[in-house]
Amino acid sequence: MHNSKIKNSVAITTLLSALFFCSIIVLASLSPLADSGPNVNTFGSVGKWLSLGMILFLYLLPLAFYLLGMHFLKFVMAAFCSIGLLIAASTLLLMPALFLFGLEDFSGNLASIIGVMISCLGLLITNIVWFVAAFKRPSATMQESV
C-alpha cells in the first residue's frame, strides 16, 4: 500500500515537472530570447517541437519503467531532476539580470518574460518536492504496521 502511494506521488510530481519544463520551452520561444541568436527555438519551429519531444521522452520513458517496477530508475530520474533544478535556477536568475543590465530588449514582452520566470519557479518547487516524494523515508508507525 505504502509503495503504491510513493509511486503515485513520484508519478504526479514527475508529470508536473514535465509540464513546467515544456511550458518554459514554449514561453521562451515566445519571448525576446527567441530572437537572441541563430540557434534558438522560435515558436512553431521544428527545433521547438523536437525539444519538446525530447523532453517528454526523457521524462516519460524512465517514469514508465519505474512504474513497472524498475525502482533503480528513480536514480536516473533524480539525475534528470537535478539538471532541471540547475536549468530552472539559472534561468530564474538570468532573466532579471538581462532585464536589469539592459542586455536584452524586453519592451512590450514583459508578460512572456514573467511567464518564463513563473514556470521556472514552478519547476524549481516541483523538482524539490519530487526529491522529497521519491526519497522520503517511511515513518516509524508505517514500518511497524507493515
Side-chain angles (χ1 to χ4, degrees), residues 1-99 103-104 106 109-146:
M1 176 68 181
H2 188 280
N3 196 20
S4 65
K5 186 177 179 182
I6 291 173
K7 278 186 177 183
N8 287 341
S9 61
V10 168
I12 290 169
T13 53
T14 300
L15 294 174
L16 269 173
S17 180
L19 177 73
F20 279 120
F21 207 109
C22 288
S23 70
I24 290 170
I25 299 295
V26 171
L27 291 171
S29 72
L30 293 170
S31 74
L33 294 176
D35 300 326
S36 63
N39 298 322
V40 294
N41 295 331
T42 57
F43 189 77
S45 69
V46 174
K48 182 191 66 109
W49 291 110
L50 288 174
S51 296
L52 289 175
M54 183 178 69
I55 289 166
L56 289 174
F57 178 77
L58 291 175
Y59 268 97
L60 298 179
L61 186 68
L63 177 63
F65 284 119
Y66 171 75
L67 293 175
L68 290 174
M70 296 182 183
H71 297 287
F72 67 91
L73 283 172
K74 179 169 51 172
F75 298 104
V76 173
M77 294 188 321
F80 288 143
C81 191
S82 298
I83 293 169
L85 279 169
L86 182 64
I87 290 171
S90 61
T91 304
L92 195 59
L93 294 173
L94 178 71
M95 298 302 269
L98 289 175
F99 180 73
L103 298 176
E104 286 291 330
F106 291 136
N109 294 310
L110 195 57
S112 63
I113 298 303
I114 291 171
V116 170
M117 291 176 63
I118 289 171
S119 293
C120 285
L121 187 61
L123 180 65
L124 203 65
I125 292 168
T126 303
N127 284 0
I128 291 169
V129 170
W130 185 91
F131 274 107
V132 171
F135 294 107
K136 181 174 66 170
R137 298 265 182 205
S139 65
T141 57
M142 190 63 103
Q143 288 178 349
E144 291 171 6
S145 66
V146 176

For Phe131 and Ala78, the nearest pair of non-hydrogen atoms, with its separation, is CZ-O, 3.5 Å

For Ser119 and Ser23 the tightest heavy-atom approach is OG-OG, 3.0 Å

CG of Leu124 to CD1 of Ile87, rounded to nearest 0.5 Å, is 12.0 Å

**Asked** What is the ring orientation for His71 with Tyr66, classed by angle as parallel under 30°, tilted 30 to 60°, or perpendicular over 60°?
**Response** perpendicular

Value for CD1 (Ile12) from CG (Leu63), rounded to nearest 0.5 Å, stands at 10.5 Å

Scanning both residues in full, the closest heavy-atom pair of Met117 with Leu92 reads O-CD1, 3.4 Å

Here the gap from Phe20 atom CZ to Ile118 atom CD1, rounded to the nearest 0.5 Å, amounts to 10.0 Å

In this structure, CG of Leu19 is separated from OG1 of Thr14 (nearest 0.5 Å) by 12.5 Å

Pairing donors with acceptors under 3.5 angstrom, does anything connect the side chains of Ser17 and Tyr59? yes

Heavy atoms of Pro62 and Leu73 approach each other most closely as O-CD1, 3.9 Å

Notebook entry, point to check: Are the side chain of Lys74 and the backbone N or O of Ala134 linked by a donor-acceptor pair below 3.5 Å?
Noted result: yes

Scanning both residues in full, the closest heavy-atom pair of Gly122 with Thr126 reads O-OG1, 2.7 Å

- Quick check: does any side chain N or O of Ser9 sit under 3.5 Å from a backbone N or O of Ile6, one acting as donor and the other as acceptor? yes

Quiz item: Do the non-hydrogen side-chain atoms of Phe72 and Phe65 ever get within less than 4.5 Å of each other?
Solution: no

inquiry  = Is any side-chain heavy atom of Phe21 closer than 4.5 Å to one of Phe80?
reply    = no

The reported gap from OG in Ser51 to CD1 in Ile25 (rounded to nearest 0.5 angstrom) is 5.5 Å

In this structure, SG of Cys81 is separated from CG of Asn127 (nearest 0.5 Å) by 3.5 Å

